[in-house]
Participant: 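I am attaching a structure below and will ask some questions about it afterwards.
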Protein chains: 2
Amino acid sequence: MKIDPNSPADLSAQIAKAIRDAIMSGDLLVDERLPSEAELSEQFNVSRPTVREALKRLGAQSLIRTQRGATGGAFVNRLRFEDAYGQQITTSTLLLSMNDVSFGTACEARYALERSCAALASERRTADHLATMRAETHRQSQPSLTDEAFCASDVAFHRALVDAAGNPVISYQLAGAVEAMQPLMNMITFSARSRETIVGFHSQITDALEQRDGAAVDLHLSALADYTNTLAQSVIDARQAAKTNS
Amino acid sequence: MKIDPNSPADLSAQIAKAIRDAIMSGDLLVDERLPSEAELSEQFNVSRPTVREALKRLGAQSLIRTQRGATGGAFVNRLRFEDAYGQQITTSTLLLSMNDVSFGTACEARYALERSCAALASERRTADHLATMRAETHRQSQPSLTDEAFCASDVAFHRALVDAAGNPVISYQLAGAVEAMQPLMNMITFSARSRETIVGFHSQITDALEQRDGAAVDLHLSALADYTNTLAQSVIDARQAAKTNS
DNA sequence: AGACGTTTAATTGTCTGACAAATGAAAATT
DNA sequence: AATTTTCATTTGTCAGACAATTAAACGTCT
């Protein structure tokens, strides 16, 4: 592991990259302890604050964890799916909001990917998944629910559907697509009528899943996607019209 | 934005979180300049190195960028899809390797998600996408290609297929699933026979895509998934047998 | 000998103060 | 007016110090 003091890049960035590469190449194993900050600053010939900045960078990506005390130090962190979920959701949400991704594009991505779970979920869904989905669907039928809570429940429903596919890699990959939709959905005001329709789709999806009918799940998901898109479009149109009038 | 000096968490982590929240809530807009490090250290009542550690954390997530000089400083960064790709691939690769995700699980996730692109890609594929896919398929038929280069070309082929769906959100979400497979694929030694079979599938997929036949794309993808899985299984079995004999 | 405090050494977390390097803006000069 | 010089601002880096934490080593008492 070497760094170039004359490179245009920050030293701390170079050091972070060197250590990151060592982790990714398997040179540093999970739970292995890195040299202490003092030792690293000697090895790389930089000061301790610079080493610390590099370690903080790696910590932000959950690649290492640090511990104080006599036997403390920085350790290669086993990246857990739950940790990765959070980062994935943060990144996805910011990507959508900062790049002016349209509701339609995000919605299309979400449902396209989610439909790919239909077959697997039908095979593997447990009673637990069904119970969660029914509970959320029931919650969604409460008229007292705020729009925000309705959206949150919608996300929980779809997350249960994705988890029912029983593949942690899929759950991880779709966490971003499903959760990042929430801020976009929150811009919609749901009428009692539209809530009812969505709840109906959710019931149909859950029923089909219970009967392990993957094709039906796919069909209803597709219909729900269309309906959601239509709903969003009408909101956008209405907003556009209001703008023109004012 | 306030922090708690008595919290168990690091001050730099708290500060990073405060700024991250401000960005995600829209309190800080894209390209907006943050206060200088000196000002931030006054505001949060911490030293400059601590502020810097916080900023490096945010930099590692591409949430901010920094610039030296008179009008420099830290700016809220527009998170680009290309930047997010890299992080996504890093995280996905580490997730698979650190959690002992089986080839089967990763492969299932990859093809399940990829198949969800079949319909969209059939509608929207351009001549460019087809050309890339044919070029990669042709490269794969060169016997002189190393296994590693063969895998890299395979990834490029599938990335083109995903991109053909014409939805940047899908491309982003699938970047991890597709690229993170490469290290796992690299463990397989491809015989001339198996390469030929894979190239055949790739040709069929490209043909179907050219004819905008989404169902056929889906079918061939599914067949390729099965074949890849069988291939990997035979490698694993052979390795197991060798282990037992030794 | 074994259980239980105490000390100690190692390590990260934080602070202070300083200087170097980059960079754009303002001032001076031609 | 154009060009060069100076300068102020800001990040990047360094050195050294002290506080907080923690586990292991050490003593002490039973």
Side-chain angles (χ1 to χ4, degrees), chain A residues 1-20 23 28 31-77, chain B residues 1-20 22-23 28 31-78:
Chain A
M1 289 200 293
K2 278 279 166 63
I3 57 170
D4 170 19
N6 298 325
S7 159
D10 294 353
L11 292 177
S12 68
Q14 288 183 61
I15 294 170
K17 181 175 187 318
I19 298 176
R20 182 164 37 239
I23 294 174
L28 287 168
D31 291 334
E32 189 172 336
R33 183 181 176 281
L34 274 66
S36 71
E37 295 175 356
E39 287 171 310
L40 284 173
S41 60
E42 256 193 52
Q43 281 184 30
F44 286 113
N45 233 305
V46 298
S47 68
R48 196 160 78 98
T50 302
V51 167
R52 281 182 62 78
E53 287 179 8
L55 294 180
K56 294 308 163 194
R57 291 178 121 108
L58 298 173
Q61 296 177 298
S62 304
L63 296 188
I64 62 167
R65 60 176 188 278
T66 56
Q67 207 175 358
R68 290 222 267 202
T71 58
F75 298 83
V76 177
N77 193 37
Chain B
M1 287 200 298
K2 277 282 165 60
I3 56 169
D4 171 18
N6 299 322
S7 158
D10 293 354
L11 291 178
S12 68
Q14 288 182 62
I15 294 170
K17 181 177 188 315
I19 298 176
R20 181 162 39 236
I23 294 174
L28 287 168
D31 291 333
E32 189 172 337
R33 184 180 177 281
L34 273 65
S36 72
E37 294 175 355
E39 286 171 311
L40 283 173
S41 60
E42 255 193 50
Q43 279 183 33
F44 287 113
N45 232 303
V46 298
S47 68
R48 212 184 121 209
T50 303
V51 167
R52 282 182 62 79
E53 288 179 8
L55 294 181
K56 294 309 164 196
R57 291 178 120 108
L58 298 173
Q61 296 176 299
S62 304
L63 296 190
I64 62 168
R65 61 177 188 278
T66 56
Q67 206 176 0
R68 288 221 267 202
T71 58
F75 298 83
V76 177
N77 193 37
R78 154 161 283 123

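Here is how names work: the chains are called A, B, and so on, in the same order as the sequence lines, proteins then strands, and each is numbered from 1.
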Participant: Main chain of Glu39(B), side chain of Glu42(B): is a donor-acceptor contact present, judged purely on distance under 3.5 Å?
Facilitator: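 Side chain of Glu42(B) to backbone of Glu39(B): no pair is present.
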
Participant: dA25(C) P sits how many Å from Gln67(B) CD, rounded?
Facilitator: 11 Å

Participant: Does the dT14(C) base have a donor-acceptor partner in the side chain of Arg48(A) within less than 3.5 Å?
Facilitator: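 In this structure, the two groups form a donor-acceptor pair.
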
Participant: Start at the 5' end of DNA chain D and walk down; is the nucleotide closest to Pro35(B) or to Gly69(A) reached first?
Facilitator: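 Its nearest nucleotide lies further toward 5', so the answer is Pro35(B).
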
Participant: Here's a test for you: under side-chain contact (heavy atoms from CB on, under 4.5 Å), which of Asp31(B), Ile19(B), Ile23(B) qualifies with Val76(B)?
Facilitator: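 Passing option: Ile23(B).
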
Participant: Closest to the Thr66(A) side chain: dT12(C), dG12(D), dT13(D)?
Facilitator: dT12(C)

Participant: From the set dG13(C), dT11(D), dT12(C), return the single nucleotide nearest to any side-chain atom of Ser36(A).
Facilitator: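 Closest nucleotide among those given: dT12(C).
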
Participant: Looking at the side chain of Val46(A), which of dT11(D), dC14(D), dT14(C) is the nearest nucleotide?
Facilitator: dC14(D)

Participant: Starting the side chain at C-beta, find the nucleotide from dG12(D), dG24(C), dA15(D) nearest to Thr71(B).
Facilitator: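 Among the listed nucleotides, the one closest to the side chain of Thr71(B) is dG24(C).
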
Participant: Side chain of Asn77(B), backbone of Arg65(B): donor and acceptor closer than 3.5 Å?
Facilitator: no

Participant: Starting at atom CG of Asn45(B), determine the distance to atom P of dG13(C), rounded to an integer number of angstrom.
Facilitator: 20 Å

Participant: Find the distance Arg68(B):CZ to dA21(C):P and express it as a whole number of Å.
Facilitator: 9 Å

Participant: Take the protein atom CD of Glu37(A) and the nucleotide atom P of dA15(D), then report the distance between them rounded to whole Å.
Facilitator: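 It works out to 15 Å between those atoms.
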
Participant: Starting at CD1 of Ile15(A) and ending at P of dT13(D), how long is that distance when rounded to a whole Å?
Facilitator: 8 Å

Participant: Picking from dA19(D), dT14(C), dA15(D), which would you name as closest to the side chain of Ser12(B)?
Facilitator: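 When the side chain of Ser12(B) is considered, dT14(C) is the closest of dA19(D), dT14(C), dA15(D).
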
Participant: Among the candidates dT13(D), dT23(C), dA9(C), find the nucleotide nearest to the side-chain atoms of Ala70(A).
Facilitator: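 Nearest to the side-chain atoms of Ala70(A), counting from C-beta on, is dA9(C).
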
Participant: How close or far is atom C1' of dT9(D) from atom CG of Leu40(B), stated in whole angstroms?
Facilitator: 15 Å

Participant: Is there a side-chain contact between Arg52(A) and the phosphate of dG13(C), meaning an N or O under 4.0 Å from OP1 or OP2?
Facilitator: yes

Participant: Please report, to 0.1 Å, the donor-acceptor pairs under 3.5 Å made by any side chain of residues 50-59 of chain B, with sequence neighbours excluded.
Facilitator:
from	atom 1	to	atom 2	distance (Å)
Thr50(B)	OG1	Ser47(B)	OG	3.2
Arg52(B)	NE	Glu53(A)	OE2	2.7
Arg52(B)	NH1	Glu37(B)	OE1	3.4
Arg52(B)	NH1	Glu37(B)	OE2	2.8
Arg52(B)	NH2	Glu53(A)	OE1	3.3
Arg52(B)	NH2	Glu53(A)	OE2	3.3
Glu53(B)	OE1	Arg52(A)	NH2	3.3
Glu53(B)	OE2	Arg52(A)	NE	2.7
Glu53(B)	OE2	Arg52(A)	NH2	3.3
Arg57(B)	NH1	Ser12(B)	OG	2.6

Participant: Among dA21(C), dT14(C), dC14(D), which is the nearest nucleotide to the side chain of Leu11(A)?
Facilitator: dC14(D)

Participant: Please report, rounded to the nearest Å, how far the C1' atom of dT12(C) is from the CG atom of Leu58(A).
Facilitator: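 Those two atoms, CG and C1', are 16 Å apart.
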
Participant: What is the distance, rounded to the nearest whole Å, between atom CG of Asp10(B) and atom C1' of dT12(C)?
Facilitator: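 That distance rounds to 9 Å.
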
Participant: Taking the side chain of Arg33(A) as heavy atoms from C-beta outward, which of dT11(C), dG13(C), dT16(C) is closest to it?
Facilitator: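 Output: dT11(C).
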
Participant: Please list all pairs meeting salt bridge (Lys or Arg N to Asp or Glu O under 4.0 Å) that have one or both residues in residues 66-76 of chain B, counting only residues at least two apart or in different chains.
Facilitator: none

